[in-house]
There are 2 protein chains.
Amino acid sequence: MTNTKGPLELLLRNLELRTPLSEADRSAVLSLPFTPKTLEPSTYTVREGDPPDRCAVLLSGFAYRQKLTGDGDRQIVAIHVPGEATDFQNLLLDVADHSVQMLTRGDVAFVARRDLQELIRTRPAVGQAVLVKILVEAAIFREWVLNVGRRDARTRLAHLLCEFALRLEAEGLADRYGYELPMTQEQLADATGLTPVHVNRVLKALQADGLIQRSKRNVSFPDWERLRQVGDFNQRYLHLEPQLSVTEPHPRSG
Amino acid sequence: MTNTKGPLELLLRNLELRTPLSEADRSAVLSLPFTPKTLEPSTYTVREGDPPDRCAVLLSGFAYRQKLTGDGDRQIVAIHVPGEATDFQNLLLDVADHSVQMLTRGDVAFVARRDLQELIRTRPAVGQAVLVKILVEAAIFREWVLNVGRRDARTRLAHLLCEFALRLEAEGLADRYGYELPMTQEQLADATGLTPVHVNRVLKALQADGLIQRSKRNVSFPDWERLRQVGDFNQRYLHLEPQLSVTEPHPRSG
DNA sequence: CGTACGTTTGATCTTTCTCAATAATGGTGG
DNA sequence: CCACCATTATTGAGAAAGATCAAACGTACG
């Protein structure tokens with residue numbers, strides 16, 4: 001257990017994107033004990049069926065959540081970008097109902113779940129920031145249900161690319177006009193409920209239509225606005241603005 | 001604003017299903033101010049784009065969350081059963097990213113969002129219970145992504161019927177061998193990402209195979225275990241047991 | 001420089017959708 | 001109780017999106 005200050009600043013920034021915190025709260029977050037580690041692609045961070053006793057904060061690299069059907073088909077249900085904690089979803093649940101794995105190589109800071117629970121208990125404003133993040137993650141799950149349930153392959157993929165663009169932009173990691181997409185076509189298929197073959201064809205079609213440019217893992221968007229339209233993308237569900245609706249500070253009570 | 005005690009006991013029971021509360025916490029929940037109202041089918045409880053300033057607790061009847069694509073296709077992303085609060089998902093978000101509507105006629109208790117926020121601030125254990133509920137709702141969203149993304153029509157519908165059975169059973173409203181299903185085939189289609197026509201055919205096939213029995217809106221399951229298998233249904237994601245991991249330190253080490 | 005992984009392509013097949021009717025059903029006013 | 005209307009359920013025929021199968025092609029890297 002180290003206690004250096006640097007790494008968790010990324011998490012703090014992520015939380016403050018939507019929920020600004022006081023100095024005291026910030027330093028409470030920064031002084032969480034953690035264990036740094038570098039993980040290889042596909043390393044498990046949480047495993048379905050296990051009690052989730054720790055939470056990995058992504059310092060660099062990407063991770064994804066996945067579920068499997070009875071006959072082994074995989075569905076990726078979320079992607080996590082650097083700065084995000086990969087396990088708020090299990091904060092208060094006894095057994096993980098899905099797995100989280102590294103998408104790329106990356107550095108993480110493991111935080112004990114108990115410490116996280118303790119933090120949000122003693123620092124209600126931090127608890128609020130975490131809850132906001134949890135609610136936004138849920139909003140993204142809902143949009144994915146819509147994406148996979150009601151949009152055709154072309155729209156689905158364009159939508160995913162748009163979401164990724166805005167989330168990376170929000171973290172200051174890229175802009176909406178292009179970025180390094182760390183997913184294979186098979187993973188894109190698992191995230192969109194398609195087959196890799198079809199993903200390949202659709203990506204090519206998007207490229208042929210001048211909606212995306214690809215070279216290696218880099219994608220760029222010559223005409224963002226048109227891609228946005230094709231992807232039926234409306235960023236509202238990302239709730240990227242600071243969420244102010246919670247009015248007053250907290251008078252003590254017990 | 002009334003302050004009778006009865007109605008909110010249903011909400012309390014719902015929360016305590018997974019998070020038992022102390023006497024003091026219970027009475028704090030029960031003394032939430034609320035406004036009772038009877039709502040007709042398809043009445044909005046929350047509307048996309050609006051600031052969610054109140055939360056409807058379902059006292060009787062069912063509700064659903066839905067999102068729309070740009071060209072008007074509907075996806076139902078969640079169903080709520082009696083006893084549930086229909087708007088924990090917007091507890092700390094400024095603008096609703098989806099709508100909630102009544103599925104059936106039903107009685108609700110409107111609780112001001114501010115009061116709810118106040119409650120969880122002053123009563124951390126209640127806040128915890130609410131957070132557990134929010135996390136379980138997110139777990140259901142994830143399962144729906146899998147359901148809609150990776151399962152065929154037959155499995156998808158069987159899965160939905162199983163989920164419904166267990167959730168109703170948990171509320172003491174039915175058992176897993178049958179219940180009153182308040183959804184039209186069109187709504188079932190919107191919940192599974194299918195068309196009404198196909199839902200009709202698949203339901204008939206399930207019936208022909210002796211997996212379900214239908215008469216009016218009533219469905220029953222002559223062979224639950226087989227339905228469970230056909231629906232690839234594993235109840236883990238519903239987290240129906242009391243979630244104890246928070247209160248007590250873990251017997252395991254890290 | 002060979003092996004593993006990822007991408008691309010073609011041909012064919014299936015599930016599910018679409019379009020279009022027709023039948024039930026439930027609720028309403030008379 | 002009946003006639004009427006609006007939903008909802010059911011059925012059929014044809015079309016289409018996407019899946020499956022199989023193979024070839026690139027590329028990274030030990």
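Computed over heavy atoms, backbone and side chain alike; hydrogens, waters and symmetry mates excluded. Naming: A, B, ... by sequence-line order, numbering from 1 per chain. Please read these numbers as outputs of a predicted model, since none were measured by experiment.
Looking at the side chain of A:Leu194, the nearest of the listed nucleotides C:dT18, D:dA22, D:dA19 is D:dA19. Looking at the side chain of B:Val197, the nearest of the listed nucleotides D:dA9, C:dA20, D:dT20 is C:dA20. The listed nucleotides are D:dT10, D:dG18, C:dG6; the one nearest the side chain of A:Thr184 is C:dG6. Nearest nucleotide to the A:Thr195 side chain, out of C:dT7, D:dA19, C:dT18: D:dA19.
Residue A:Arg214 is the one, among A:Arg201 and A:Arg214, whose nearest nucleotide of DNA chain C lies closer to the 5' end (criterion: closest heavy atom).
Between A:Arg151 atom CZ and D:dG18 atom P there is a gap of 14 Å when expressed in whole angstrom units. What separates CD of B:Gln187 from C1' of D:dT8 is a distance of 10 Å, to the nearest Å. Atom pair A:Leu206:CG and C:dT7:P shows a separation of 15 Å (rounding to whole Å applied). One atom, CG of A:Asn200, and another, C1' of D:dG18, lie 14 Å apart when rounded to the nearest Å. B:Asn218 places its CG atom 16 Å from the C1' atom of C:dT25, with the value rounded to the nearest Å. Following rounding to the nearest Å, B:Glu186 (CD) and C:dT25 (P) show an atom-to-atom distance of 19 Å. Distance CD (B:Gln185) to P (C:dA24): 15 Å, rounded to an integer number of Å. What separates NE2 of A:His198 from C1' of C:dT16 is a distance of 13 Å, to the nearest Å.
Contact annotation: A:Arg217 side-chain N/O to C:dT7 OP1/OP2 distance is under 4.0 Å. For C:dG6, neither phosphate oxygen OP1 nor OP2 lies less than 4.0 angstrom from any side-chain nitrogen or oxygen of A:Lys216.
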- Task: Could you walk me through whether A:Gln89 and A:His98 pass side chain to side chain donor-acceptor pair (under 3.5 Å), step by step?
- Result: CA-CA 10 Å; A:Gln89 289 295 327; A:His98 66 290; over 6 Å; no

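Across all strands, B:Arg156 comes closer than 4.0 Å to no nucleic acid atom at all (heavy-atom distances).
Contact of the B:Glu169 side chain with the B:Leu240 side chain is not registered, since no non-hydrogen atoms from C-beta on lie closer than 4.5 Å. In this structure, A:Thr69 and A:Gln75 have side chains that are not in contact, with every pair of non-hydrogen atoms separated by 4.5 Å or more.
Remark: aromatic rings of B:Phe221 and B:Tyr179 are close, center separation under 6.0 Å.
Around the CZ atom of A:Arg214, the shell of radius 6.0 Å holds more than 12 heavy atoms that belong to other residues, nucleotides or ligands.
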